[in-house]
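Both backbone and side-chain heavy atoms feed into the values below; hydrogens, waters and symmetry mates do not. Residue numbers begin at 1 in each chain, while the letters A, B, ... track the order of the sequences.
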2 protein chains.
Amino acid sequence: MSIRVAVVDDQALVRGGFATMLGLQDDIEVVAEAGDGTAAIEIARTHRPDVILMDIRMPEMDGLAATEAIVDSADWPVKVLILTTFDPDEYVYKALRAGASGFVLKDISPEDLVAAVRTVADGGALLAPSVTRRLISRFATPPSLDASVVSRLDRLTSREREVLVAVAAGSSNVEIAEELFVGAATVKSHVSSILTKLGLSNRAQAVAFAYESGLVKPGDSDIGF
Amino acid sequence: MSIRVAVVDDQALVRGGFATMLGLQDDIEVVAEAGDGTAAIEIARTHRPDVILMDIRMPEMDGLAATEAIVDSADWPVKVLILTTFDPDEYVYKALRAGASGFVLKDISPEDLVAAVRTVADGGALLAPSVTRRLISRFATPPSLDASVVSRLDRLTSREREVLVAVAAGSSNVEIAEELFVGAATVKSHVSSILTKLGLSNRAQAVAFAYESGLVKPGDSDIGF
DNA sequence: CCCGGTCCCCCCCGATTGGGGGACTCGGAT
DNA sequence: ATCCGAGTCCCCCAATCGGGGGGGACCGGG
């Protein structure tokens, strides 16, 4: 069963080029084309393609808005592969939030484009290396590095930070003591100095501080909930 | 100038395979190999490779810890490409936070692996399609996609959710009572039903739950810290 | 009409927490 | 050689928290 692809680009020449290039593949079938966002929504609804190659820069309705509209309203597993000329910057995040499965630049080689279409059709995702790099750096760097917050974190000893993450996991003093193989009194004194150094008054505030400071981040916890 | 690569894997056969495969390329030179994390740190320091192919599962010190140690202490632009057998799950985030520039599975084709090495050496980043997908979904959907978490949040009444955000801000029961213009006993009973409904045992866990579920997000709090 | 659900309030009691002391060891800095 | 910080552990005591019980007011639907 071949992959049903729709191509959306306001430049007829570019659109036709991609369409014929993809059509040459045995397992890819170009079922529709569109020149703007509104037309893209229409052909998505009528032809129900597996993959949509979407340009960002378009009159009438840009690719991001069209992507969001299509992905939100689709009742079949449609994948949108953003294809743009420019080094993306802000577009990346908007596109990914809109529901795009990929983001590649137009200088991509034909073979790589075909491979990209197959990848997203298969349920994977694919980004241009520069985009991946940007996304990783954004993901890896803690968002909030308020100097005042981090500076107070620095005043804690490494052991105290260790205790704090355990506190942030919701563990009681005795539970923390067992985890760290120390006495309950030790944990108690650690928690006390943590609260004192951070200017907090109870462990609930300590948990909040741990999250706000980026010491622990939502999702990286071992607590399943 | 060729790309200087180091290969780190505890299985000598796998390590040798990758090394010879990469060595066949004109623009790639394998300068060192290591069988565990501590050896990896050593060869990284002595050979200063451009790219390190790093396995995760290793005795002595796993690839994640080694990656973090190398990236943090390196004074030259070293790129680490994680190469693992398993579908990553939680390893991905730890690896990317540790400073890895890529994350590919061992079922990758030789040509793609070579291309991946060139990509990361060139400053780009590269992830396996399934990993990219995971990262995108995590990035695009604010935090909580866990149906189990949100469903439990739905069981709370609106008033209880209101109390929960106050709890997550680190307020004591009496402070919450003043904020909401009710009696302290009322807040107490609300907190009790919150803990019961969510299956938690203390308010620190409630704070963690509030953050993990996305009920409150780092940075949107009124607590300045 | 009564019933279930929700919200609000109250009392008691044990467990935990938070704050105040102090003491010992170890390793590094002075 | 001495001091100091970090880490470990102990005491006491007041306050808060968490769990159990109960009860009353309101609202919407059967």
Rounded to the Å, how far apart are [X] [atom1] and [N] [atom2]?
X      : N      : atom1 : atom2 : answer
B:L195 : D:dC17 : CG    : C1'   : 10 Å
B:N202 : D:dG19 : CG    : P     : 9 Å
A:K188 : D:dA14 : NZ    : P     : 14 Å
A:R161 : D:dG7  : CZ    : P     : 9 Å
B:K197 : D:dG18 : NZ    : P     : 17 Å
A:F181 : D:dC9  : CZ    : P     : 13 Å
A:I176 : D:dG7  : CD1   : P     : 15 Å
A:N173 : D:dC17 : CG    : P     : 15 Å

Assign each of A:S172 and B:H190 the nucleotide of DNA chain C bearing its closest heavy atom; nearer the 5' end lies the nucleotide of B:H190
Could you check whether any side-chain N or O of A:R203 sits under 3.5 Å from a backbone N or O of A:V167, counting only pairs where one atom can act as donor and the other as acceptor?
no
Quick one: label [X] by what it contacts on the DNA or RNA (base, sugar-phosphate, nothing), any heavy atom closer than 4.0 Å.
X      : answer
A:T196 : nothing
B:V174 : nothing
A:T157 : sugar-phosphate

### Stepwise side-chain contact (heavy atoms from CB on, under 4.5 Å) test for A:R159 and A:L180
CA-CA 10 Å; A:R159 193 57 160 171; A:L180 301 183; 3.9 Å; yes
Phosphate-side-chain proximity, A:S158 and D:dG7, N/O vs OP1/OP2 below 4.0 Å: yes
Per atom distances to the A:A185 side chain, the nearest of D:dC9, D:dC12, D:dC17 is D:dC9
At a 4.0 Å cut-off to heavy atoms of chain A, the contacted part of DNA chain C spans C:dT17 to C:dG19
Review point. Mapping A:V182 and B:R203 to their closest nucleotides on DNA chain D, which lands nearer the 5' end?
Key: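 Result: A:V182.
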request  = Mark yes when over 12 heavy atoms from residues, nucleotides or ligands other than B:L13 sit less than 6.0 Å from its CG; otherwise mark no.
outcome  =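 12 or below, so no.
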Identify, with sequence neighbours excluded, every residue that meets side-chain contact (heavy atoms from CB on, under 4.5 Å) alongside B:T38.
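B:T38: side-chain contact (heavy atoms from CB on, under 4.5 Å) contacts with B:D36, B:E60, B:M61.
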Heavy-atom nearest pair, A:W76 first then A:P49, reads NE1-O, 2.8 Å
When B:I194, B:V191, B:I176 are each screened for side-chain contact (heavy atoms from CB on, under 4.5 Å) with B:L164, the one that passes is B:I194
field: salt bridge (Lys or Arg N to Asp or Glu O under 4.0 Å) partner of B:D9, chosen from B:K106, B:R15, B:R57
entry: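 Of the listed residues B:K106, B:R15, B:R57, the salt bridge (Lys or Arg N to Asp or Glu O under 4.0 Å) partner of B:D9 is B:K106.
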